[in-house]
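In what follows, chains carry the letters A, B, and so on, assigned in the order in which the sequence lines appear, proteins first and then strands, with residues in each chain numbered from 1. This structure is a prediction, so every number in the text was calculated from the model and none was measured.
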Amino acid sequence: MQDSQRRAARRTVLWLALLALAFYLGFFALMGWR
Amino acid sequence: MSIEHTAHGAHEHHDEPMRGWRRWLYATNHKDIGTMYLVFSLIMFFVGGTMALIIRAELFQPGLQIVEPYFFNQMTTMHALVMIFGAVMPAFVGLANWMVPLMVGAPDMALPRMNNWSFWILPFAFLMLLSTLFMEGGAPAGGWTIYPPLVLQTGAAFPFVILSIHMMGISSVMGAINVIATILNLRAPGLTLMRMPLFVWTWLITAYLLIAVMPVLAGAVTMLLTDKYFGTSFFNAAGGGDPVMFQHIFWFFGHPEVYIMILPAFGIVSQIIPTFARKPLFGYSSMVYATASIAFLSFIVWAHHMFTVGMPLAGELFFMYSTMLIAVPTGVKVFNWISTMWKGSMTFETPMLFAIAFVVLFTIGGFSGLMLAIAPADFQYHDTYFVVAHFHYVLVPGAVFSIMAAVYYWLPKWTGHMYDEKMGRLHFWLSVIGVNILFFPQHFLGLAGMPRRIPDYALQFAEFNAISSVGAFIFGFSQLLFAYNVWKTVRGGERATAQVWEGAKGLEWTLPSPAPHHTFQTPPRITADTPTH
């Protein structure tokens, strides 16, 4: 694996973590709404 | 950085696998880890299958013959947990480990050490889960859906079950992160997303589902744990909580989970049918969009599992219609598979037989799913054997058949040997006949009102239950043929060519059989003319 790929993979993991966070925040916001 | 430094130094010397147990315990090679997942899954398949045969043996006749009712309930619960989390999911992760890097032209998975960890969590999780069978109060017996308040009556086993579910979840989420990181970053130059094989596409989408819903399950079971041991009242009405809330949270996980177990199967069938029909897949892009649509819809249908629990009419209608909507992208897929076969030069080797059986029998499961989606009708079907028949049709001749098709299809690539075709076909016919004798009569039982999860039943259900049990033993024991055939192929046999199948296209078939320990260390160049799927 090239270094650039390694860095890109790490960046993907970070993005996934952010995406998951946004998903749950959105979910809880919807649940709390009403 | 020091990590990169050591990784560079080590790269040159790791062309040969380590010897002995170290190769497996310290494995970072995607092929070794894939093999471990698949072997683990096969073992769990037989463990869960034994439990199923205990269930079917007890149900062969009305009355209580073989096991205590409480043990029967432990068997239904454990059978489901073992099959879902121990057999089907790890089998697909194993196939992803083996095939995704080969299909996208990557040297390995993007995060190989995490890959090792993902796998090695599983044996411990299942050791813990299975150990509950020997505990005071026995294994969990409230059904795999672990609804409170019933599940809170579990004895010493309870925290073990919760922790093992946590471990399975962690393993799945790490596996999913790895799949996404691999597919998004390690594709060979020129292999655009819309040139990826369907198996890679379906797994990419499945991985997103896993990341979205496994933590929801983790949250739900943690709330159960604190309700039982720390005095909270999340699901306790007496303390201001709501047991129905558990069902909502559980099925918000549970329904996408169903698709986690079927989308990779769609991917496998979309690889196998074009190969043996010797035609490109019909409607490639519509397959991708259909998969994505099914994944999206999977998040907004969960309460169709709870129609009888009591919901506002608007809720019943919303979940009924959104559920029926899933038939549209699923229909697109079924029609695409049939159109791929249409006027193809088909041959019927074992993988193709399993793939065709998948299309037919999964569709039966899909149709009974549509029947269950009709809210007013569901009041009759709910918690009957009709539901059991429905989800076993989508999971056994659906997901399990696709896994078997995949093993027969890629086994020559993995081992370098052809499997015994005659034995493969015998296995197929025994399985397909056995599985229908096993599950088809359960539709009739359910429509006649036989409830699920019971060790005894009224006399009018006797005939269909006896037939179903005979089918169970035919299906169960014919799987020994599968295990023997795989074992024999690993040990030796006729040499397989690189392409293996005349109509096979894609990067994995450009490699020699068996695929060397390290592959695509230099990524291949892909152009519009390279057949990648």
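Separating the CD atom in A:Gln5 from the CG atom in B:Leu184 is a distance of 12.5 Å, to the nearest 0.5 Å.
In this structure, chain A has no heavy atom under 4.5 Å from any part of B:Met245. Contacts of B:Phe520 with chain A are absent, with no heavy-atom separation under 4.5 Å from either backbone or side chain.
The shortest heavy-atom contact between B:Val213 and A:Tyr24 is N-OH, 4.2 Å. The two residues A:Ala8 and B:Asn185 have their closest heavy-atom pair at CB-OD1, 3.2 Å. B:Ala110 and A:Ala9 get closest at one heavy-atom pair: CB-CB, 4.0 Å.
Under the 4.5 Å side-chain criterion, counting only non-hydrogen atoms from C-beta, A:Phe23 is not in contact with B:Ile211.
For the side chain to side chain contact (heavy atoms under 4.5 Å, CB included) with A:Thr12, the qualifying choice from B:Ile177, B:Leu111, B:Ile180, B:Ile183 is B:Ile180, the only one to do so.
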